[in-house]
Amino acid sequence: MPRPRRIAAATLIGGGATLSSFYGFLVGEAMLARRAIGTTDERPPSPDGLYGDDLPGHTIRVLVLGDSAAVGYGVTRADATPSAMIGVGLAHVMDAPVEVQCRAVVGAQTADLMGQIDLDPDWHPDVAVIVVGTNDVTHSVTPRTSARLISKVVKRLVAEDCDVVVGTCPDLGTVQPILQPLRAVARRLSRALARKQTIAVVESGGRAVSLGDLLGTLFTEKRDVMFGADHFHPSETGYANMVSVLIPAITASLRQKQTSYAYAGRTHDLVSVADAAAVSVDHPGTQVAPDAGPGGRFASVLRRRRAS
C-alpha cells in the first residue's frame, strides 16, 4: 500500500505538470492573439494644440498620458484621436479654450507614466487624463504593482496642483482575437486591475472612471463598429464612446463639484473606496471621486445614466 508521503508527492508532481501544461497553453494562446492583433509604433498625426481659441474663458491645459488607447492607435486623422476629441468636447462644455498635449505612447505600461510627465517639465497642466492598464495585463504586471505605480503618479500630479482623471483598465474579455480560455483569464485580470486602480487613484486624490468593456454590451453587440481593423483597439467611433465617459469626469473635476449633464438623474452614493471600486467594475462609465480628499476613507459613486 503506497505511503501517504509518496501519494502526496505524486499528487504534487501530477498537479504541477497539469498547471505547467495549462500555463504553456495560455502562453501559446497569447502568442497567437498577439500575432492576430499585430503591433506597430506608428502614431496618428499629432493632436497637440489649442481648441476653441475663439471662446471667452481662461485657457485650460490638458495633459493626456497612457498607452495606445490614449494615443488613438489605428486612426488616421488628428481630429479623430481621443486627445483631440477631449479638446473639442471640453472646450464646448467649459466655454473656454483648451490646450492639449498628448504624451501617451503605444505599448506603454503604468511604469512609463512618470517618464511621460517629465517630457516637458515647464508645461504645467490643469488636468491630466490617463488611460493605462492593458499592457500591464499582457505583460504580467501584478495589479498590486500597477496600483502602487499609478498612486505615485497621481500623488505627484495632485501635489503640483493638477487634477487627475484616470480611465481604468478596459475589460479584455471583449476582445475576439483572444481565444478562450485565455479570454476568461484576461477578463479576470483586467477587472482585478481596474478595481486596484480605482482604489489607488481615489485614495491619492484623483478621480477614476470605469472603462470596463467601454459602455457595457455596446462593444460586444456592435464590435464591427466599435473595434478597429485589428479587432483589438477601438475604432474612431469606439474612441468617441470612451471620451464620452471621460469628459463628464474631467468637467466635474475642473468645476470642483460632482455634477455633469451626463449624470442627470444619477445615482450618487457615498461608500467606502473599496466598495466604490467594486461597483465601478460592474458598471462601465461609472465615476468614482474622493469625498474627503487624499487619503479619505470614502468616495462618491456617480453611475452613468443608461441611454433610453
CG of D48 to CH2 of W123: how many Å apart, nearest 0.5 Å? 8.0 Å
Look at the side chain of T251 and the backbone N and O of I247, then say whether any donor-acceptor pair between them is shorter than 3.5 Å. yes
Does N241 form a side chain to side chain contact (heavy atoms under 4.5 Å, CB included) with V245? I'd like the steps, not just the answer. CA-CA 7 Å; N241 276 271; V245 299; over 6 Å; no
Can you hop from V105 to M242 via hydrophobic side chains spaced under 4.5 Å? no
Heavy atoms of other groups near D161 CG, more than 12 under 6.0 Å: no
Going by the side-chain hydrogen bond (donor to acceptor under 3.5 Å, both in side chains) test, which pairs reach into residues 143-154, not counting sequence neighbours? D136-S146, T142-T145, S151-S204
D120/Q101 under side chain to side chain contact (heavy atoms under 4.5 Å, CB included): CA gap, chis, key distance, verdict: CA-CA 10 Å; D120 187 356; Q101 268 200 28; 3.6 Å; yes
Smallest heavy-atom separation, P82 atom then A69 atom, equals CG-O, 3.3 Å
Would you call V71 and P44 a side-chain contact if the rule is heavy atoms closer than 4.5 Å? yes
According to a hydrophobic-cluster definition based on side-chain heavy atoms being under 4.5 Å apart (Ile, Leu, Val, Met, Phe, Trp, Tyr only), do L149 and I117 belong together? no
Grab the two heavy atoms, one from C169 and one from A194, that are nearest each other, plus how far apart they are. O-CB, 3.9 Å
Note, V166 side chain near V209 side chain (heavy atom, < 4.5 Å): no
Value rounded to 0.5 Å, distance of OH in Y51 from CD1 in I86: 10.0 Å
If I compare all heavy atoms of A108 with all of Q116, which pair ends up nearest, and what's the gap? CB-NE2, 3.6 Å
Non-hydrogen side-chain atoms of T110 and L113 separated by less than 4.5 Å: yes
Kindly indicate, with the supporting measurements, whether the criterion side chain to side chain contact (heavy atoms under 4.5 Å, CB included) is fulfilled by V164 and V158. CA-CA 7 Å; V164 182; V158 169; 4.1 Å; yes
State, with a plain yes or no, whether a side-chain heavy atom of I130 is found less than 4.5 Å away from one of L157. yes
Count I, L, V, M, F, W, Y as connected when their side-chain heavy atoms are under 4.5 Å apart, and connections chain through other members. Are L55 and M94 then in the same cluster? no
Going through the distances and angles, do R103 and D112 end up as a salt bridge (Lys or Arg N to Asp or Glu O under 4.0 Å)? CA-CA 11 Å; R103 302 181 195 162; D112 301 315; over 6 Å; no
Indicate if V141 and V106 have the same hydrophobic cluster label, given that clusters are the connected sets of ILVMFWY residues with side-chain heavy-atom separations under 4.5 angstrom. no
Taking all heavy atoms of R207 and all of A252, pick out the closest pair and write down the distance. NH1-CB, 3.8 Å
Are V165 and I60 connected in the hydrophobic side-chain network, where two residues link if heavy atoms are under 4.5 Å apart? yes
Would you check if D95 and P56 make a side-chain contact, meaning some heavy-atom pair closer than 4.5 Å? yes
Can you measure from CD (E160) to NZ (K155) and round to the nearest 0.5 angstrom? 14.5 Å
Side chain to side chain contact (heavy atoms under 4.5 Å, CB included) assessment of V62 paired with V64: CA-CA 6 Å; V62 179; V64 179; 4.3 Å; yes
Find the distance between NZ (K196) and CD1 (I150) and round it off to the nearest 0.5 Å. 15.0 Å
State, without any angle test, whether R195 and Q197 hold a side-chain donor-acceptor pair at a distance under 3.5 Å. no
Minimum heavy-atom separation for S46 and A78, please, with both atom names. O-CB, 3.6 Å
Using a strict threshold of under 4.0 Å (side-chain N to carboxylate O), is an ion pair present between R255 and D163? no
With a 4.5 Å cut-off on side-chain heavy atoms, are Q109 and D67 touching? no
Between L246 and V129, is any pair of side-chain heavy atoms under 4.5 Å apart? yes
Value for CG (L65) from CE (M114), rounded to nearest 0.5 Å, stands at 10.5 Å
Check whether H92 reaches the backbone of V88 with its side chain - one donor and one acceptor, N or O, closer than 3.5 Å. no
Contact summary for P97 and G57, nearest pair of heavy atoms: CD-O, 3.1 Å
Just wondering, do L50 and D53 contact through their side chains at under 4.5 Å, heavy atoms? yes
Here's a test for you: under side chain to side chain contact (heavy atoms under 4.5 Å, CB included), which of T134, V131, L193 qualifies with P170? T134
Measure the SG-CZ distance between C162 and R156 for me, rounded to the nearest 0.5 Å. 10.5 Å
